[in-house]
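Everything on this sheet refers to the single structure shown next.
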Amino acid sequence: MEVNYAEVRSGKPPRILRPMATIFEKIIAGEIPANIVHRDDRVIAFRDIGPQAPVHILIVPNKPIPTVNDISDDDERMLGHMFIVARDLAKKEGIAENGFRLIVNCNKHGGQVVFHLHMHLVGGAPLGPMLSGGTHG
Ligand code: 5GP
């Protein structure tokens, strides 16, 4: 079990975090900093710490869903909302017209590193082929 000791020291009653809180849950909880570009009751969006393109934003549900495999039918509205936020952020970042890519990685073969569902919004330059090293076409 994980306790936020900063909160303990501040005299606030400590919140017990989920045992395996990911880095994104800590960002959502405000426990570690991030460059947040959007926040509402369903999602948060912040700049990727290791950008792969001039614009690289992560759109993350507030609800900690580990992977696409863990999505439930009840998540449909929130998932649609992720696209709406992606559309609006692309416009705000000035990359809508030239275009961009939305990526959701899942598990080992997808190259997922953080097990809290997220959508990458990347753009701001030509992104090249969709997949590198593909030999299946
Ligand atoms: P994945 O491979 O799981 O789809 O992508 C995870 C992404 O999260 C990576 O692009 C990585 O750079 C980003 N990331 C990992 N840790 C942090 C962090 O602490 N802050 C931010 N802003 N991005 C992170």
Side-chain angles (χ1 to χ4, degrees):
M1 213 140 35
E2 201 174 342
V3 174
N4 182 334
Y5 289 101
E7 282 188 3
V8 175
R9 280 194 297 275
S10 77
K12 284 190 211 157
R15 283 174 302 145
I16 307 300
L17 301 177
R18 281 163 30 94
M20 294 292 285
T22 66
I23 199 92
F24 291 175
E25 276 180 83
K26 291 175 185 179
I27 289 173
I28 291 163
E31 287 155 11
I32 63 165
N35 189 340
I36 296 168
V37 293
H38 173 87
R39 179 158 224 176
D40 61 41
D41 59 336
R42 281 174 281 179
V43 302
I44 186 171
F46 48 87
R47 295 193 194 280
D48 196 291
I49 205 167
Q52 305 286 315
V55 174
H56 188 167
I57 291 170
L58 301 171
I59 300 163
V60 182
N62 294 333
K63 178 182 171 186
I65 302 167
T67 79
V68 171
N69 294 332
D70 303 298
I71 288 168
S72 73
D73 293 359
D74 292 344
D75 296 322
E76 192 170 337
R77 273 194 80 230
M78 183 277 294
L79 296 166
H81 186 60
M82 288 171 75
F83 273 89
I84 298 294
V85 170
R87 176 200 66 190
D88 292 347
L89 286 173
K91 191 169 179 198
K92 202 166 155 190
E93 295 286 320
I95 61 171
E97 198 167 321
N98 280 333
F100 53 89
R101 193 169 287 161
L102 298 174
I103 302 166
V104 180
N105 296 318
C106 180
N107 276 345
K108 191 167 64 177
H109 284 186
Q112 184 174 3
V113 173
V114 179
F115 287 85
H116 184 133
L117 184 72
H118 52 281
M119 175 188 275
H120 296 253
L121 165 62
V122 285
L127 296 170
M130 187 169 69
L131 297 174
S132 62
T135 54
H136 298 277

- Linked, directly or transitively: L102 and I71 (ILVMFWY side chains, under 4.5 Å): yes

- Check G123 against A53 and note the closest heavy-atom contact, atom names and distance. O-CB, 3.6 Å

- Item | Hydrophobic cluster membership, I65 vs F83, 4.5 Å side-chain cutoff | yes

- Pairwise side-chain contact, P64 with T22, heavy-atom cut-off 4.5 Å (strictly under): no

- Message: Please check this pair: side chain of N62 against backbone of D41, looking for a donor-acceptor N/O pair closer than 3.5 Å.
- Response: yes

- Can you list every pair that meets side chain to side chain donor-acceptor pair (under 3.5 Å) and has a residue in residues 97-110, with sequence neighbours left out? none

- Query: Can you name the side-chain hydrogen bond (donor to acceptor under 3.5 Å, both in side chains) partners of R47, sequence neighbours left out?
  - Reply: E93

- In Å and rounded to the nearest 0.5 Å, what is the NZ to CD1 distance from K63 to I28? 12.5 Å

- Item | For F46, all residues meeting ring-ring contact (aromatic ring centres under 6.0 Å, His included), sequence neighbours excluded | F24

- Message: Using 0.5 Å steps for rounding, measure from the CG atom of L58 to the CG atom of L117.
- Response: 11.0 Å

- Can you hop from I44 to V122 via hydrophobic side chains spaced under 4.5 Å? no

- Task: Would you kindly confirm whether V104 and I59 end up in one hydrophobic cluster when ILVMFWY residues are joined by side chain heavy atoms under 4.5 Å apart?
- Result: yes

- For residues H81 and D40, determine if any side-chain heavy atom of one lies less than 4.5 Å from a side-chain heavy atom of the other. yes

- Going only through I, L, V, M, F, W and Y residues with side-chain contacts under 4.5 Å, is there a path from M119 to V68? yes

- Task: Would you give the length of the straight line joining atom CE of M82 to atom CG of L89, rounded to the nearest 0.5 angstrom?
- Result: 11.5 Å

- Message: Applying side-chain hydrogen bond (donor to acceptor under 3.5 Å, both in side chains), can you list everything that pairs with Q52, at least two apart in sequence or on another chain?
- Response: none

- For the pair H118 (side chain) and I103 (backbone), establish whether a donor and an acceptor sit closer than 3.5 Å, ignoring hydrogens and angles. no

- Work out which heavy atom in Q112 is nearest to a heavy atom in P66; give both atom names and the distance. NE2-O, 3.0 Å

- Item | Residues which pass side-chain hydrogen bond (donor to acceptor under 3.5 Å, both in side chains) with H56, listed by chain and number, not counting sequence neighbours | D48, H120

- Task: Carefully, step by step, assess D88 and H38 under the rule side-chain hydrogen bond (donor to acceptor under 3.5 Å, both in side chains).
- Result: CA-CA 10 Å; D88 292 347; H38 173 87; over 6 Å; no

- Task: Please list, chain by chain and in numerical order, all residues satisfying side-chain hydrogen bond (donor to acceptor under 3.5 Å, both in side chains) with D70, sequence neighbours excluded.
- Result: T67

- Message: Return the CZ to CG distance between R87 and L121, rounded to the nearest 0.5 Å.
- Response: 13.0 Å

- Query: Taking atom CD of E25 and atom CD1 of I27, what is their separation to the nearest 0.5 Å?
  - Reply: 11.0 Å

- Nearest heavy-atom approach of I57 to A45 is CG2-CB, 4.0 Å

